[in-house]
*Asks:* 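I am attaching a structure below and will ask some questions about it afterwards.
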Amino acid sequence: MLLFVVVLAPLALSCADLSAYRYRQMYAMVNPHENHDRTFQDENLAFRFEIREKKIEVFITNKSGSEIKLDWPDVKYIDASGSKHGVANSQTLFTKNVDRTRPTILKPGRTEENVIVPLKNIEKLEQWTWSIKPFFNQEDEEALSNKGSLFSVIIPVELAGDEAEGKISKLYSFRFKVTNVIPYRNHTPR
């Protein structure tokens, strides 16, 4: 048994950065402000986005002194053509409830790690088997035309207001751009 684990461990580690696609894309945030780190913060929340081939990993930190409600059922992904789509997140992805996200409460000082996957990109193949399509074509030379493409994510939140205001709803809107498309040669580009 020990030999089996020792032999498979290096194989699993060596496959960690492999991709099924012939092209990789680089992304930048262009709204609410332009940066290649894909980060944004205000007095209440800090956001960081890691964009992968098929999903957007999002890290949201509550900087306020009160609980904040992240309204996942109303999060939208807006594709390059401008069409809005509902999303699955880590609580619903690969479940029979893929389209039934629930709000989450983010306590002060805490960070929520989650994913955003457009529902239009998820296909159930059979019981317990799903497929996710990538955001863009990355399989042939037409992938090079993805450079400059834009897409957006809208995240509604409910913030605590003062006694007179009660709860305050706010939409955080983020726009991203494909800044570069490069051929993939079975290693992670640096």
Side-chain angles (χ1 to χ4, degrees), residues 23-93 99 101-122 132-138 143 145-162 164-182 189:
Y23 293 87
R24 282 266 176 110
Q25 298 181 157
M26 306 302 157
Y27 303 90
M29 179 184 289
V30 295
N31 191 32
H33 62 85
E34 191 165 341
N35 72 66
H36 289 274
D37 294 334
R38 297 166 310 279
T39 60
F40 171 79
Q41 62 181 317
D42 64 12
E43 66 278 357
N44 296 305
L45 293 169
F47 294 85
R48 182 171 60 90
F49 297 89
E50 295 295 329
I51 302 169
R52 308 289 183 222
E53 297 161 337
K54 300 177 180 183
K55 66 183 177 182
I56 300 169
E57 296 173 9
V58 59
F59 303 84
I60 306 171
T61 302
N62 182 349
K63 295 172 45 182
S64 78
S66 303
E67 289 183 346
I68 291 177
K69 178 179 161 185
L70 302 171
D71 198 2
W72 287 102
D74 290 330
V75 170
K76 297 293 182 220
Y77 170 82
I78 303 170
D79 64 25
S81 72
S83 298
K84 288 185 181 179
H85 305 278
V87 303
N89 65 12
S90 60
Q91 288 80 27
T92 63
L93 189 61
D99 60 345
T101 56
R102 294 183 315 261
T104 56
I105 302 297
L106 189 54
K107 297 199 178 290
R110 302 298 304 241
T111 298
E112 178 169 331
E113 299 177 25
N114 218 316
V115 297
I116 296 171
V117 179
L119 291 174
K120 74 170 187 102
N121 290 6
I122 302 170
I132 301 175
K133 295 183 287 188
F135 295 115
F136 297 95
N137 166 30
Q138 293 176 252
S145 67
N146 296 337
K147 186 174 179 178
S149 295
L150 299 166
F151 62 95
S152 301
V153 173
I154 298 173
I155 303 175
V157 300
E158 189 174 280
L159 307 166
D162 61 27
E165 294 176 319
K167 300 286 184 183
I168 301 169
S169 295
K170 183 173 181 179
L171 290 178
Y172 284 87
S173 182
F174 303 97
R175 192 162 210 186
F176 302 95
K177 180 179 183 179
V178 177
T179 58
N180 202 2
V181 180
I182 59 173

*Asks:* Once rounded to the nearest 0.5 Å, what's the spacing between atom CG of Leu45 and atom CG of Leu159?
*Replies:*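 One gets 6.5 Å once the value is rounded to the nearest 0.5 Å.
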*Asks:* Determine, for Glu112 against Arg110, whether the closest basic-nitrogen to carboxylate-oxygen distance falls under 4.0 angstrom.
*Replies:*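 A salt bridge is absent here (no side-chain N lies under 4.0 Å from a carboxylate O).
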*Asks:* Answer whether the closest heavy-atom distance between the side chains of Asn114 and Ile60 falls below 4.5 Å.
*Replies:*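 They are not in side-chain contact.
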*Asks:* Is the closest side-chain donor-acceptor distance between Asn62 and Glu67 under 3.5 Å?
*Replies:*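 Short answer, no.
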*Asks:* To the nearest 0.5 Å, what is the distance between CZ on Phe174 and CD1 on Ile78?
*Replies:*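 Between Phe174 CZ and Ile78 CD1, I get 12.5 Å after rounding to 0.5 Å.
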*Asks:* Would you be so kind as to tabulate the donor-acceptor pairs closer than 3.5 Å made by side chains of residues 146-157, with sequence neighbours excluded?
*Replies:*
residue, atom, partner, partner atom, Å
Asn146, ND2, Gln25, OE1, 2.7
Asn146, ND2, Asn137, O, 2.7
Asn146, ND2, Ala143, O, 3.2
Ser149, OG, Asn146, O, 2.9

*Asks:* Do Ser173 and Pro32 come within less than 4.5 Å of each other through their side chains, counting heavy atoms only?
*Replies:*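 The answer is no; the side chains never approach within 4.5 Å.
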*Asks:* Would Tyr77 and Asn121 count as having a side-chain donor-acceptor pair, cut-off 3.5 Å?
*Replies:*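 Side chains of Tyr77 and Asn121: no pair found under 3.5 Å.
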*Asks:* Assess the side chains of Ser64 and Asn44: does a donor N or O sit below 3.5 Å from an acceptor N or O?
*Replies:*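 Their side chains do not contain a donor-acceptor pair, so the 3.5 Å distance test is not met.
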*Asks:* To the nearest 0.5 Å, tell me how far Gln41 CD sits from Glu43 CD.
*Replies:*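 Output value for this atom pair is 10.5 Å.
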*Asks:* With rounding to the nearest 0.5 angstrom, report the OG1 to CD distance, Thr61 to Glu113.
*Replies:*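 It comes to 9.0 Å.
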*Asks:* Answer yes or no: is there a side-chain heavy-atom contact under 4.5 Å between Ile51 and Arg38?
*Replies:*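 In short, these two side chains touch, coming nearer than 4.5 Å.
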*Asks:* Could you check if a side-chain atom of Lys55 sits within less than 4.5 angstrom of a side-chain atom of Leu93, using non-hydrogen atoms only?
*Replies:*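 Not in contact.
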